[in-house]
Visitor: 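Pasting a structure here, questions to come.
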Amino acid sequence: MADPSSYRPKPGQIPDSPGVYRFRDEHRRVIYVGKAKSLRQRLANYFQDLSGLHPRTRTMVTTAASVEWTVVSTEVEALQLEYSWIKEYDPRFNVKYRDDKSYPYLAVTMNEEFPRVQVMRGHKKKGVRYFGPYAHAWAIRDTVDLLLRVFPVRTCSAGVFKNARRTGRPCLLGYIGKCSAPCVDRVSAEEHLELADEFCDFMTGRTGTYLRRLEKQMVEAADEMEYERAARLRDDIEALKKAMEKNAVVLADATDADLIAVAEDELEAAVQIFHVRGGRVRGQRGWVTDKVEEITTGALVEHALQQLYGEETGDAVPKEVLVPALPDPVEPVQEWLSVRRGANVSLRIPQRGDKRALMETVERNAQQALVLHKTKRASDLTTRSRALEEIAEALDLDSAPLRIECYDISHLQGDDVVASMVVFEDGLQRKSEYRRFQIKGFEGQDDVRSMHEVITRRFKRYLAEKEKTGEWADGENTLTDTDTDTDTDTASDPLTGTSSAPLADASSVPLANGLKDDDGRPKRFAYPPQLVVVDGGQPQVAAAQRALDDLGIDDIAVCGLAKRLEEVWLPGEGDPVVLPRTSEGLYLLQRVRDEAHRFAITYQRAKRAKRFRSSPLDDVPGLGETRKQALIKHFGSVKKLRSATIDQICEVPGIGRKTAETIAVALAQAAPAAPAVNTATGEIMEDEESDTTAETSGEPVSAGAPDERRGQER
C-alpha cells in the first residue's frame, strides 16, 4: 500500500486547464482514468487526508504509485480522450458497464452491390444500416419474414448467392415470392437497391407512405377485377400492419429518442436503455456495473452515454436523449453528442406527459435488472443460507436443517392412495433421493393414518440401515421387523415417474462417507433429515410425531405447513408459528411442500391411468403387447373376443391352440367391465367402443367419475 504523499506532484506543476489524468500502480498499469475542467483543482482532491476520502477513493489512491495527465483544449476533447483511454487501458477502478450478451441487430448491408438483410452482432461495420438492438434473434426473423412479402430483399449468404448465379436457379425464397431473386437477374441491381432503401425507410418508422400506396393499388386491382392481385395486396397490407403491431406506439408524435434509466445501491448500478424510433420502441438493452469509485447518478449517466455512443455516428445518435439526471457539467456532453450525430442533440430530463410515463417504465426495468443481477451474482447461496437460518430460528432448532424431507398424501375419492417423499439438501432439490409409497395398511381415505404409516415405514428402514452399519451401541434396542415394501425402496424420476436406482452424489457428504451398500450404491433411507415437513395442519403433524415417538426417534424435528393461511404447525402447540410473508424461510418451506404435492399427484395419476388401461388380457401368461394388439385388431373389441370360439381365436396370426385355450379361460373367468366414461365428454360409452378405446388408444377411461374431477383429488 503506497502513501499518496510519496507521488504527489509539487505545487505549481499541475496546470489549471482542462485535461485527462491517469493513475498508475507500481507495475505501471493504469488503474484509473478521469477528466477535469481544471486538472489542478481535481487532482488536489485526491491528495488530502485519507480519513476524509470515500473508502473506494482511498483504496484507489493507496493502490496507485504515480499520476500523470494530458492537457486538452476543451472539455469535449477531454470527454473524447477519457473514453478512448478507458477503452484502451480497461482500468480496474473505473466504472465499466458489463453487458451479459451481445445484442442482435437487424442489419441491411447497403455497402454491397446486392444489399442483404440479416441478423448481426458485435461491432458495427461502415456502410451497413442497423435497426435494434433486439432482445432475441427470433424476434428479428419474425419481423423480416413478414416484411419480405412486401420488400423481397435478398437474405441469403454470399455462398448461396454465388451458387444460384452459377446454376441459374434461385433458392426457395425466390420461388415463393419472398426474394426478388437478383441472383438470376429477375430484377436489376438498381431495382434491388431501391427495394432495400424502401425496407430501411419502413424500419425507420416511415410506414404510412407504403400502406397508403398498397391500399391504392389494392383498390385499383379490385376495380379492374384482378381479384387475385387484390387479395395478394390485401395480405401484404396485413403483413405490414402485423409487423408494426410488434412494436407498440409509446410516443404519439413519432419521436426519435433514447431513454436511459439508472437503478443503484451502495455497491452496484444497473442501466436500462429503450430505443424509440418513430414513436415505437425498436430496441432495448442494459448493463450492470460495480461502483468501484465514488460516483453520482449524473456521472453514471455520463459513462452510460460514452458506452452507448462512443463509436456511433449519424442517425445512430438520436435527436433526443432522455435521462434521469444530467451530467455535471452538461454542456460538454451535449456538444460531444451533437458532434457525433452531426446535428443538435437534446439531452434533458423528462418532466411530464408520455415521455415521463415511458421513463418510469424504463426505471422499473432497471430496478428489475438490478434485482435479477444480485440474485444471479449470489448464486442463491446467501438467500438459501438466510432461509435455513430463519427456519431454525422460527422452529427453535439447534442448527440449520441442512436436510429437509417433506411428505404428502394423494388420492382420488379414497382410491389409489399414495404418498410422496421429497428431499431438499442445503435448500436445493435432491431428486435422486425422492421416494414414493403405496398406502397398504388400510382401505379408504384417511390422511392422518396414511401419514402415520408413511413416516413409520420410512424411519423403520432408517433404523434398520443404522443397525446394519453398527452405529448403535451395545445395550440399545434393536429393530427386527424391517419394512420390505418395494414402494419405499424405489427411486422415481420426478418428471417422468419412471423408476431408477438412486445415484451417488458427491454433493452429499454423509452419503459419500461410508453410507453405501456392498455394490457401491448409497444405502436407501440411511441418512436422516434434520427436519420433517408434512403437508397439513395439527392432525398430520401429530400423526408424524407419534410415528417417530413409537420408533424411539427423538432427534428429528417435525412441522407442518397448512395451505389455507400458510401457517407452520409444531407438535403439541395450540397456536401456529406465523412467518412473515416476505420471509425467505417461508418461501423455502412453500417450495418444499409444493414439490411434494406435485410429486404425489404425478404418481397418483400414473397409477390411476394404469388401472384404467388394464384389460383381462393382461392376466394371460406369455401374452405380450404385440399379440394383444393383434387380437384386438382382429376381433375389434374385448367383448367380441370374449364371445369367440377357440378355433376363431386360433385364426389370429401368432396364436396357437394352447394359447387360445388360455385366453378363452382367462376371459371367461374375468368379470365384465363396468360401463366406461369418456373423460373428454363425460358420456357413457358402449361396451364395444370402450373396449376398443381402452385397448388400442391407451386413453384412460373411468368406470366411475371422470378423471379430471380435480376437486376430489388430493
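Predicted model only: the values in this text are computed from it and were never measured. Values below: all heavy atoms of this structure, side chains included; hydrogens, waters and symmetry mates excluded.
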Visitor: Test L106 against Y130 for side-chain contact (heavy atoms from CB on, under 4.5 Å), laying out the working first.
Guide: CA-CA 6 Å; L106 171 58; Y130 291 91; over 6 Å; no

Visitor: Quick one: side-chain hydrogen bond (donor to acceptor under 3.5 Å, both in side chains) partners of R356, sequence neighbours excluded?
Guide: E363

Visitor: Main chain of R116, side chain of T109: is a donor-acceptor contact present, judged purely on distance under 3.5 Å?
Guide: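 Judged by distance alone, yes, a pair lies under 3.5 Å.
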
Visitor: Check whether any side-chain heavy atom of V345 lies under 4.5 Å from a side-chain heavy atom of P318, and answer yes or no.
Guide: no

Visitor: Do the charged groups of R598 and E595 touch, with an N to O distance under 4.0 Å?
Guide: yes

Visitor: Testing the 3.5 Å rule here: is there a donor-acceptor pair between the side chains of T297 and E264?
Guide: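 Yes, side-chain donor-acceptor contact under 3.5 Å.
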
Visitor: Check this for me: does any side-chain nitrogen of one of E433 and K431 sit under 4.0 Å from a carboxylate oxygen of the other?
Guide: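 Salt bridge flag = no for K431 with E433.
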
Visitor: Measuring only between side-chain heavy atoms, which start at C-beta, is L358 closer than 4.5 Å to V276?
Guide: yes

Visitor: Determine which pairs satisfy side-chain hydrogen bond (donor to acceptor under 3.5 Å, both in side chains) with at least one residue from residues 327-344, sequence neighbours left out, and list them in order.
Guide: none

Visitor: Using modelled atom types only, decide if a donor and an acceptor are shared between the side chain of R40 and the backbone of P15 within a distance under 3.5 Å.
Guide: no

Visitor: Identify the two heavy atoms, one from C406 and one from A596, that lie closest to each other, and give their separation to 0.1 Å.
Guide: SG-CB, 3.7 Å

Visitor: Rounded to the nearest 0.5 Å, what's the gap from CG on L337 to NZ on K319? Could you check?
Guide: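 Interatomic distance, L337 CG to K319 NZ, rounded to 0.5 Å: 15.5 Å.
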
Visitor: Within this structure, what is the CD-OH distance for the pair E405 and Y434, rounded to the nearest 0.5 Å?
Guide: 11.5 Å

Visitor: With E302, which residues qualify under side-chain hydrogen bond (donor to acceptor under 3.5 Å, both in side chains), at least two apart?
Guide: K35

Visitor: Check whether the side chains of Q306 and E82 place a donor and an acceptor atom closer than 3.5 Å, and report yes or no.
Guide: yes

Visitor: Compute whether any side-chain donor of one residue and acceptor of the other, for T63 and D25, lie under 3.5 angstrom apart.
Guide: no

Visitor: Counting only N and O atoms by type, is there a donor-acceptor contact under 3.5 Å from the side chain of Q48 to the main-chain atoms of N45?
Guide: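 It does hold such a pair.
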
Visitor: List for me each residue that meets ring-ring contact (aromatic ring centres under 6.0 Å, His included) alongside F151, sequence neighbours excluded, and say none if there are none.
Guide: F202, Y210

Visitor: Can you see which heavy atom on L79 is nearest to which on V333, and at what distance?
Guide: CD2-CA, 3.9 Å

Visitor: Nearest 0.5 Å, please: how far is CZ in R154 from CG in L148?
Guide: 13.0 Å

Visitor: Determine whether V577 and E567 make a side-chain contact, defined as any pair of heavy atoms from C-beta on separated by less than 4.5 Å.
Guide: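 Sidechains of E567 and V577: no contact.
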
Visitor: Is N365 reaching over with its side chain to a backbone N or O of T361, donor-acceptor style, under 3.5 angstrom?
Guide: yes

Visitor: Below 6.0 angstrom between ring centroids: does that apply to Y21 and Y46?
Guide: yes

Visitor: Above 12 or not: heavy atoms from other molecules or residues under 6.0 Å from CD of E360?
Guide: yes

Visitor: Examine distances only and state if a side-chain atom of E75 and a backbone atom of K37 form a donor-acceptor pair shorter than 3.5 Å.
Guide: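 Checking the backbone N and O of K37 against the side chain of E75, no donor-acceptor pair under 3.5 Å is found.
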
Visitor: Residues two or more places apart in sequence or in another chain: which of them pass side-chain hydrogen bond (donor to acceptor under 3.5 Å, both in side chains) with D49?
Guide: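 Expected list: S51.
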
Visitor: Can you give me the closest heavy-atom contact between P91 and V33, atom names plus distance?
Guide: CG-CG2, 4.1 Å

Visitor: Is the ring pair F23/Y7 parallel, tilted or perpendicular, if the boundaries are 30 and 60 degrees?
Guide: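 Plane angle over 60°, so perpendicular.
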
Visitor: Quick one: are L300 and V271 in side-chain contact, heavy atoms under 4.5 Å?
Guide: no

Visitor: Tell me the closest heavy-atom pair linking L347 and P327, and the distance in Å.
Guide: CD2-CD, 4.1 Å

Visitor: Testing the basics here: between C200 and M110, what is the closest heavy-atom pair and its distance to 0.1 Å?
Guide: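 Taking every non-hydrogen atom into account, SG-SD, 4.2 Å.
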
Visitor: About how many Å separate CG of D16 and CD of Q41, when rounded to the nearest 0.5 Å?
Guide: 5.5 Å

Visitor: Might you point out which heavy atoms bring P324 and I349 nearest each other, and give the distance in Å?
Guide: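 Nearest heavy atoms, P324 then I349: O-CD1, 3.8 Å.
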
Visitor: Tell me whether Q13 at atom CD has more than 12 heavy atoms from other residues, nucleotides or ligands lying less than 6.0 Å away.
Guide: yes

Visitor: Could you walk me through whether L308 and W287 pass the side-chain contact (heavy atoms from CB on, under 4.5 Å) test, one step at a time?
Guide: CA-CA 10 Å; L308 194 59; W287 302 296; 3.6 Å; yes

Visitor: Distance to the ring centre below 6.0 angstrom and angle to the axis at most 45 degrees; does that hold for R22 and W85?
Guide: yes

Visitor: Which is it for E390 and L588 under the side-chain contact (heavy atoms from CB on, under 4.5 Å) test, yes or no, and what are the steps along the way?
Guide: CA-CA 10 Å; E390 289 178 1; L588 177 57; over 6 Å; no

Visitor: So, do W69 and V20 sit near enough that their side-chain heavy atoms are less than 4.5 Å apart?
Guide: no

Visitor: Nearest 0.5 Å, what's the CG-NE2 distance between D256 and H275?
Guide: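 Here the rounded value is 12.5 Å.
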
Visitor: With a 4.5 Å cut-off on side-chain heavy atoms, are L326 and V301 touching?
Guide: no

Visitor: Taking the side chain as C-beta and beyond, is there a heavy-atom pair between P401 and L388 under 4.5 Å?
Guide: yes

Visitor: Would you please test L561 and D535 for side-chain contact (heavy atoms from CB on, under 4.5 Å) and show each step?
Guide: CA-CA 6 Å; L561 186 61; D535 182 11; 5.8 Å; no

Visitor: Among residues at least two apart in sequence or on other chains, which ones pass salt bridge (charged side-chain N to carboxylate O under 4.0 Å, His left out) with R24?
Guide: E68

Visitor: Nearest 0.5 Å, what's the CD1-CZ distance between I391 and R386?
Guide: 12.0 Å

Visitor: Would you indicate whether the side-chain heavy atoms of L43 and V67 approach each other to under 4.5 Å?
Guide: yes

